[in-house]
Amino acid sequence: MTTLKPGSMLLGTTRPAELRAWYAKTLAPESTGDGAIDLGGFLLVIDGRDDVAAKNGEPGRAIVNFHVDDFDAVRARLDAAGVEWVSVEDREKGRFGTFADPDGNYLQIIEWKKDS
């Protein structure tokens, strides 16, 4: 049996248009249209749902990680987009920056140390 490769993620929200606009502006400014947002071959699908709260009460339960080669450059780009940083820290294995979307879901940028 081969290893399954994730292709997309569904993000449920009470305000799909606003959240989709935030993700497109912040992570994929070249994205157009109303469909899934392509994050380098991984698709982010944002859907309006009535079975979720307006704010995520447990944002650390699932975190989407973006591995980056230049932490400072990506951080500057995200700062320009107006992200809300939860934490930025150097750890044994690399630099981690955690930020939140408008619904309170956590995302991270990670620059792994070269010797890790």
Heavy-atom closest contact ([X] atom, [Y] atom, distance):
X: Asp90; Y: Arg95; result: OD1-CG, 2.7 Å
X: Glu89; Y: Ser87; result: OE2-OG, 3.9 Å
X: Trp22; Y: Ala100; result: CZ2-O, 3.7 Å
X: Pro16; Y: Ile46; result: O-CG2, 3.9 Å
X: Leu43; Y: Ala36; result: CB-CB, 4.1 Å
X: Asn65; Y: Gln108; result: OD1-NE2, 2.6 Å

Close side-chain approach of [X] and [Y], heavy atoms under 4.5 Å:
X: Leu11; Y: Asp101; answer: yes
X: Asp79; Y: Trp85; answer: yes
X: Arg61; Y: Asn56; answer: no
X: Asp38; Y: Ser31; answer: no
X: Phe66; Y: Val74; answer: no

Hydrophobic cluster identity match, [X] and [Y], side-chain contacts under 4.5 Å:
X: Tyr23; Y: Val64; answer: yes
X: Ile37; Y: Tyr106; answer: no
X: Leu39; Y: Leu78; answer: yes
X: Leu19; Y: Phe42; answer: yes

Do the side chain of [X] and the main chain of [Y] share a donor and acceptor less than 3.5 angstrom apart?
X: Arg77; Y: Leu27; result: yes
X: Arg75; Y: Val88; result: no
X: Arg20; Y: Asp47; result: no
X: Asp103; Y: Asn105; result: no

Out of curiosity, [X] [atom1] to [Y] [atom2], how far, rounded to the nearest 0.5 Å?
X: Lys113; Y: Arg91; atom1: NZ; atom2: CZ; value: 11.5 Å
X: Arg49; Y: Thr13; atom1: CZ; atom2: OG1; value: 11.0 Å
X: Ile63; Y: Phe99; atom1: CD1; atom2: CZ; value: 11.0 Å

| query | What class does the angle between the rings of Trp112 and His67 fall in, given that below 30° is parallel, 30 to 60° is tilted and above 60° is perpendicular? | reply |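 Plane angle over 60°, so perpendicular.
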
